[in-house]
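Right, one structure below, let's go through it.
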Amino acid sequence: MSSTHIKTTGSTMADNVGFLAGRIPAEIEVMSKDLKDLDKELFRKILKVVVNAVEGKDCSGAMVEIAQSSPLSDEKFSRIVSGMYALLKEALRLPSSSLKQEGFKEDLRELRISEEFIADFASVVFGNRRSALDAVFTQQGPRLPSLEEFRWRVDVAISTSSLARALQPSVLMQFKLSDGNICRFEVPVSKFHELRYNVALILKEMNDLEKRSILKIQD
């Protein structure tokens, strides 16, 4: 019988992950078109209030003030605010170690956002306020428990009620999660090989995805 014990410190992600993960939320796509004729000063005013909203601050008064003083229609103003908020939330859901600044900018270029606006978005996502935004996002957003401990061993049944299974090995696994839950299960060797194959396939697909631009906008 063989066994092993692996201790982990948390989940890890591959480098240079596209922040929209191959999909473009409708709010962001619509916003990218509305930004084309937006004044830079007005853009920065709206972005500042949206960042405060992401931090959990009450920004209703500031939003109303900007909306009333801007030349934008109510519908367009709402679309821009919604798109900015969605874009920042999508970017902040990834650890800063996984989301690279140049990759982030390239994704926004694929959305045909101007370089000036891209620089302002990047200053929020990668600037001095990132740690504060991460703290708020961690508290507000739903999170799945992470893997803390993983144990496995191989057992061989010498005799069972089913003769067909005699001397057949099986793999026993145990997961300990960060929320304290412990999961145990047993799989035959054939299923274990299937698991290995599927994990390898997913890793390959992730690697292939990272090698190409994943955000495509069609005119």
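Distance CD1/I24 to CD/E90: 11.0 Å, rounded to 0.5 Å. In this structure, the separation between CG on L172 and CG on D155 is 4.5 Å, given to the nearest 0.5 Å. Going from atom NZ of K105 over to atom NZ of K100 covers 14.5 Å, rounded to the nearest 0.5 Å. Here the SG atom belonging to C183 is positioned 5.0 Å from the CG atom belonging to L177, to the nearest 0.5 angstrom. Of the inter-residue distances, the one linking M84 atom CE with I80 atom CD1 reads 6.5 Å to the nearest 0.5 angstrom. Taking CG of L195 as the start and CE of M173 as the end, the distance is 5.5 Å to the nearest 0.5 Å.
Residue-environment remark: CG (N128) stays at or below the threshold of 12 foreign heavy atoms within 6.0 Å. Shown here is Y197, whose OH atom has no more than 12 heavy atoms of other residues, nucleotides or ligands within 6.0 Å.
With hydrophobic clusters built from ILVMFWY side chains whose heavy atoms lie under 4.5 angstrom apart, F192 shares a cluster with F150. V199 and W152 end up in the same hydrophobic cluster when Ile, Leu, Val, Met, Phe, Trp and Tyr side chains are linked at under 4.5 Å. Under a hydrophobic clustering in which Ile, Leu, Val, Met, Phe, Trp and Tyr are joined whenever their side-chain heavy atoms come within less than 4.5 Å, directly or via other members, L147 and F185 fall into the same cluster. Residues V154 and F175 fall within the same hydrophobic cluster, defined by Ile, Leu, Val, Met, Phe, Trp and Tyr side chains chained together at heavy-atom separations under 4.5 Å.
When all heavy atoms are compared, the tightest approach of M31 to G83 is SD-C, 3.3 Å. Of all heavy-atom pairs spanning A91 and V125, the tightest one is CB-CG2, 4.0 Å. Contact between A53 and C59 at its shortest, heavy atoms only, is N-SG, 3.4 Å.
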Next on the checklist: Run the side-chain contact (heavy atoms from CB on, under 4.5 Å) test on L72 and L42 for me, step by step, so that the C-alpha distance in whole Å, both residues' side-chain angles and the decisive distance to 0.1 Å come before the verdict.
Outcome noted: CA-CA 10 Å; L72 302 175; L42 179 56; 3.8 Å; yes

Next on the checklist: I'd like to know whether L38 forms a side-chain contact (heavy atoms from CB on, under 4.5 Å) with K76, so could you lay out the CA-CA distance, the side-chain angles of the two residues, the decisive distance to 0.1 Å, and finally the verdict.
Outcome noted: CA-CA 10 Å; L38 186 66; K76 188 171 185 178; over 6 Å; no

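For the pair L88 and L47, the minimum side-chain heavy-atom distance is below 4.5 Å. Contact check for L87 versus L108: side-chain heavy atoms found under the 4.5 Å cut-off. The shortest distance between side-chain heavy atoms of I46 and F77 falls below 4.5 Å. Proximity of R130 to L92: side-chain heavy atoms (C-beta onward) are separated by under 4.5 Å at one or more points.
Scanning for side-chain hydrogen bond (donor to acceptor under 3.5 Å, both in side chains) contacts around Q174 gives R184, with sequence neighbours left out. Taking the salt bridge (charged side-chain N to carboxylate O under 4.0 Å, His left out) definition, one finds that E194 meets it with K191, sequence neighbours left out. In this structure R109 satisfies the side-chain hydrogen bond (donor to acceptor under 3.5 Å, both in side chains) test together with E102, E106, E115, sequence neighbours excluded. Here F126 pairs with F104 under the ring pair (Phe, Tyr, Trp, His ring centres under 6.0 Å) rule; sequence neighbours left out. Not counting sequence neighbours, the partners of V30 by the side chain to side chain contact (heavy atoms under 4.5 Å, CB included) test are D34, R79.
Residue pairs that meet the side-chain hydrogen bond (donor to acceptor under 3.5 Å, both in side chains) test with at least one member in residues 39-53, sequence neighbours left out, are R44-D120, N52-R129.
At a cut-off of 3.5 Å, with distance as the only test, no side-chain donor of S82 or E27 sits close to an acceptor on the other residue.
Using bins of under 30°, 30° to 60° and over 60° for the plane-to-plane angle, the ring pair F43/F121 lands in the perpendicular bin.
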